[in-house]
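Report on one structure; see the data block that follows.
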Amino acid sequence: MTSTETTRPELLGALRDAVQAGMPTTIADLSRLVRIPSVSWAAFDPTHVSESADAVAGLVRGLGVFDTVEVSRASIGDTQTLGQPAVLATRAARNGRPTILLYAHHDVQPPGHDEDWESSPFEPTVRGDRLYGRGAADDKAGVLSHIAAIRALVETVGSDFDLGLAVFIEGEEEFGSRSFSNFLDQHRRELAADVIVVADSDNWDIHTPALTVGLRGNVTFRLTVRTLEHASHSGMYGGAVPDAMLATIRLLSTLHNEDGSVAVEGLTSREAETPDYSEEKLWHEAGLVDGVTSIGSGPILGRIWSKPAITVTGIDAPTVANASNTLAPVVSVRISARIAPGQQSGEAFAALEKHLLANAPFGAQIEIDDVDQGNGFLVDTSGWAVSEVKTAMTEAWGADVVEMGVGGSIPFIAELVSVFPAAQILVTGVEDPGTRAHSPNESLHLGVFQRAILSEALLLARLNERS
Ligand SMILES: [Zn+2]
């Protein structure tokens, strides 16, 4: 089969019917997973993540096509501490067919405050075309898209197919994938595949599928600015003594140019074509308030996909309620930087550190610690798997595929690529611009969900016939 060949109409029709008929079961299974509050962050009860792993393993076992299904953990770094449980299933390829690894994660972000949700975060609720709940999209719908696609394949071609399959459902993606590299090391043989599908990304809109071909990297750290040994009365010394707040404000203001673009020398940008995206669309989708304009320069999507960004995401300083007339001796902030794909995160961190040290005002003492970083990623779009998935998506959605960048980071993809350099990586997803992953009122568009499942079922069926 050549890559541009369309799927046989009987096969396409049978898969379409199987996916459609399976939707009520798929949504019920998804709802069952959403009810398990599998937040992987350290401060949350880990038994829910275990319960969630067991539920996913049960669904995978129920498919009846795998040689092995296990719930497994790996240690974090070189410690004895174990990471959260992942589900791993394998099935050997036969008759020269390829092996495809399907990735998603079953853990979720914390829900935040219940009162910000229109319906309870762990009570899946359908309103209009959407299913609301924490993890309803990110990424329990990714988990179910794999399961429902395999079900549709079995329904259509039987369970005795030749395609090799591996399923890897991670349990701590939202908490930095801390045991991921040890897990890869320990299961290198089971995870080896010709094609890896990472179902944890976005679509262009609810009518248009997207393949994610670029992801930014990230660097985050704590910056502490100190100017005084102890606090002093602002009336006594103010005007002659620099407080840490003043020094911090001045230092942070050097990170951006007047137009809001990043002003740190050594952070690189990429040149890449991007689809049109208007200022007005940004205004609506991102929820800017009246009178606020965008920042940066050049095409809007280029700023988000191919240029760096720096955000102050937290600040430790006296609260307004506790504000007294004192000069603050020390202020800490959390800095979160997004790095253009193509730049190594270590190199980006070095540029940021150099900039902050060089721009410390009034000789303030600067300390940087608690550094976390991950590399970005650029997909090689020349491989046959990219053509296969684009054909499958086009047929399932009835619309052309947008090759998109994503401003966020999925650092483990860079790790996957380094462990399995020969595998072709396809970053797909069930999200759309209305999903609000990680935020209150996260939701899944059920039409997008069905089209994403059909796309994947078609991809599996096409690879099953590929020699
Ligand atoms: Zn995710």
Side-chain angles (χ1 to χ4, degrees), residues 30 33-34 36-41 44 48-49 52-53 55-56 83-87 101-112 121-122 124 130-148 167-180 183-184 196-204 209-218 220 304 336 338 372 374-377 379 404-417 425-445 448-449 452-453 456:
L30 173 58
L33 291 188
V34 172
I36 305 170
S38 53
V39 180
S40 52
W41 291 30
F44 289 75
H48 296 309
V49 186
S52 161
V56 171
Q84 300 277 16
V87 178
L101 167 63
L102 306 175
Y103 169 93
H105 61 89
H106 67 89
D107 65 313
V108 297
Q109 286 272 323
F122 297 111
R130 311 191 69 99
L131 177 73
Y132 290 81
R134 171 59 81 233
D138 181 15
D139 187 29
K140 287 173 172 171
V143 175
L144 257 304
S145 69
H146 297 322
I147 287 167
V167 169
F168 172 28
I169 309 295
E170 199 195 347
E172 57 182 13
E173 196 277 336
E174 303 292 8
F175 199 61
S177 298
R178 296 172 308 154
S179 62
F180 189 84
F183 197 97
L184 288 191
I196 302 176
V197 175
V198 175
D200 192 19
S201 192
D202 213 347
N203 289 287
W204 179 249
L211 188 67
T212 299
V213 299
L215 288 154
R216 287 196 290 194
N218 70 294
T220 64
I304 299 172
S336 165
R338 300 290 176 177
D372 187 37
N375 284 323
F377 178 58
V379 175
M404 68 187 283
V406 164
S409 312
I410 313 183
F412 71 78
I413 292 182
E415 283 188 58
L416 270 178
V417 177
I425 311 257
L426 305 175
V427 183
T428 64
V430 293
E431 296 179 19
D432 72 272
T435 291
R436 298 197 194 169
H438 299 195
S439 302
N441 302 310
E442 172 183 349
S443 68
L444 169 73
H445 187 279
V448 167
F449 189 35
I453 294 168
E456 190 168 312

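In listed order, ligands and their atoms are each counted from 1.
- For the side-chain contact (heavy atoms from CB on, under 4.5 Å) with Ile413, the qualifying choice from Val427, Thr212, Ile196 is Val427, the only one to do so.
- Within a radius of less than 2.8 Å around the Zn ion (ligand 1), the protein N, O or S atoms are His105 NE2, Asp138 OD1, Asp200 OD1, Asp200 OD2.
- Between the side chains of Glu172 and His105, not a single donor N or O lies within less than 3.5 Å of an accepting N or O.
- Residues forming a ring-ring contact (aromatic ring centres under 6.0 Å, His included) with Phe377 (at least two apart in sequence, or on another chain): none.
- Under the rule for a ring-ring contact (aromatic ring centres under 6.0 Å, His included), Phe44 has no partner lying at least two apart in sequence or in another chain.
- Between Lys140 and Ser52, the side chains place no donor N or O within less than 3.5 Å of an acceptor N or O (distance only, hydrogens not considered).
- Applying the salt bridge (Lys or Arg N to Asp or Glu O under 4.0 Å) rule to pairs touching residues 427-437 yields Arg130-Asp432, sequence neighbours excluded.
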